[in-house]
Amino acid sequence: MALTIAVLPGDGIGVEVTAAALRVLRALRGDLEYEQADVGGAAIERHASALPDATLALCRRSVALLFGAVGDPRYDAPGSARPESAIMGLRKAFDLFANLRPVKLIWGLEGASSLRPELLRGLDLMVVRETTSGLYFGQPKRQFEEDGVEAAVDTMIYRRPEVERIARVAFELARGRRRHVTSVDKQNVLETSRLWRRVVAEVGRDYPDVELEHLLVDTAAMQLIRDPQRFDVLLTENTFGDILSDEAAMLTGSLGNLPSATFGAAEHPSGRFGLYEPIAGTAPDIAGKGIANPIGAILSAALLCRYSLSDEPSATRIENAVAAAVAAGARTRDLVRGGGPALGTEAFTDKVMTAL
Ligand code: NAD
Ligand code: MN
């Protein structure tokens with residue numbers, strides 16, 4: 001029986017870039033079963049839930065999820081169902097705690113970056129972000145009134161096993177790379193960070209061949225634009241990882257360039273279960289115009305091949321095809337500084353298909 005891939009385009013440009021990724025993936029892996037389902041605002045519209053049962057059931061029988069993005073300003077009204085709860089729901093349902101965001105410069109795009117090219121040569125880092133705990137999930141989380149004054153609370157909490165397991169992911173990855181882990185926290189102010197730093201250091205003792213350094217998050221944000229080549233694996237908790245990886249993405253020229261893979265403890269009988277998505281959101285400002293950059297989505301399909309299908313040849317072919325299209329001059333609008341000829345999402349994907 002063919003392996004199933006759940007295709008979850010979601011909202012906004014999620015739809016456009018997922019179509020591009022699917023085109024590329026199908027060309028190499030026509031043997032898989034691709035099943036599409038609604039998530040996010042699209043699902044609220046049709047099923048009154050951002051993550052309908054039918055979508056969840058499809059995810060459960062799939063080896064991997066090819067995800068676009070969710071979110072729509074139409075649901076920003078207080079009390080409204082939030083499309084973003086779909087991604088939170090998936091993370092919880094599959095305990096998807098380890099979010100990997102490889103940040104690599106595609107040579108030719110250095111001009112699109114806000115940094116000088118000499119700071120970018122050889123840029124190759126991996127953000128390992130915890131995604132099931134911390135500030136985004138901790139309870140209490142609510143708005144309330146205190147003596148007639150509006151107030152709100154979020155809770156940042158980490159438990160030892162949550163830190164241990166994400167730290168292990170980072171150290172294991174470092175072994176296949178340059179053997180260096182930078183753990184990011186804010187231990188001078190936050191109790192969660194003090195626990196984080198202590199537990200990461202403990203786990204690090206099991207990996208004497210990997211060098212561990214600790215950085216405060218504000219320093220890490222500074223170092224990322226001062227000297228990005230110094231980083232190999234950047235390990236961090238949920239909120240810091242969210243922010244730092246958007247910053248890191250811009251080093252490569254656009255938020256639209258970056259793919260990601262997220263893993264949990266659960267395994268599919270036929271492969272490593274994972275969720276694959278570009279790191280960007282639904283980009284309401286350009287949605288529906290056919291101009292979104294599909295690189296992050298296409299590279300997410302490459303990660304899907306590498307990690308869930310153990311198909312390194314297809315992963316490499318996809319990555320090389322994107323690099324070749326860029327080398328041949330293909331650019332979407334976000335990658336052209338100061339205006340100039342740009343390709344739409346489909347035309348850019350045509351170039352990738354040709355290179356494939
Ligand atoms: P965004 O990432 O959607 O967009 C930020 C900026 O980057 C915009 O100017 C956008 O045009 C540009 N951009 C992003 N991806 C691009 C691409 N592929 N090609 C060209 N330009 C691109 O962030 P936002 O505007 O802050 O959020 C929009 C919505 O997306 C919100 O509802 C938010 O909650 C949601 N969101 C969803 C996810 C997710 O599904 N995982 C992640 C982040 C944000
Ligand atoms: Mn984000």
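Just follow the structure's listing: the first ligand is 1, and inside any ligand the first atom is 1.
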**OP:** Write the atom name of the N, O or S atom in Asp242 that is nearest the Mn ion (ligand 2).
**Re:**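 Of the nitrogen, oxygen and sulfur atoms in Asp242, the Mn ion (ligand 2) lies nearest to OD1.
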Under 3.5 Å side-chain donor-acceptor pair for [X] and [Y]:
X      : Y      : answer
Glu130 : Thr132 : yes
Tyr34  : Thr4   : no
Glu172 : Tyr207 : yes

Find all protein N or O atoms under 3.5 angstrom from an N or O atom of ligand 1 and list the pairs with distances, or write 'none'.
| from | atom 1 | to | atom 2 | distance (Å) |
| --- | --- | --- | --- | --- |
| ligand 1 | 2 (O) | Gly281 | N | 2.8 |
| ligand 1 | 3 (O) | Gly281 | N | 3.4 |
| ligand 1 | 3 (O) | Thr282 | N | 3.2 |
| ligand 1 | 3 (O) | Ala283 | N | 2.7 |
| ligand 1 | 9 (O) | Asp285 | OD2 | 2.8 |
| ligand 1 | 11 (O) | Asp285 | OD1 | 2.8 |
| ligand 1 | 11 (O) | Asp285 | OD2 | 3.1 |
| ligand 1 | 18 (N) | Asn293 | O | 2.9 |
| ligand 1 | 19 (N) | Asn293 | N | 2.9 |
| ligand 1 | 30 (O) | Thr282 | N | 3.1 |
| ligand 1 | 30 (O) | Thr282 | OG1 | 3.2 |
| ligand 1 | 32 (O) | Glu84 | OE2 | 3.0 |
| ligand 1 | 34 (O) | Glu84 | OE2 | 2.4 |
| ligand 1 | 40 (O) | Val70 | N | 2.9 |
| ligand 1 | 41 (N) | Glu277 | OE1 | 3.3 |

Subject >> Sequence neighbours excluded, every pair satisfying salt bridge (Lys or Arg N to Asp or Glu O under 4.0 Å) that has a member inside residues 303-317 >> reply: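 Salt bridge (Lys or Arg N to Asp or Glu O under 4.0 Å) check on residues 303-317 returns Arg29-Asp311, Arg306-Glu312, Arg306-Glu319.
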Original post:
Do Met126 and Val203 sit in the same hydrophobic cluster, where Ile, Leu, Val, Met, Phe, Trp and Tyr count as joined when their side-chain heavy atoms come under 4.5 Å apart?
Top reply: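 The answer is yes; both residues are in one hydrophobic cluster.
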Original post:
Picking from Thr236, Asp242, Asn238, what satisfies side-chain contact (heavy atoms from CB on, under 4.5 Å) with Phe240?
Top reply: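 Answer to the side-chain contact (heavy atoms from CB on, under 4.5 Å) test with Phe240 among Thr236, Asp242, Asn238: Thr236.
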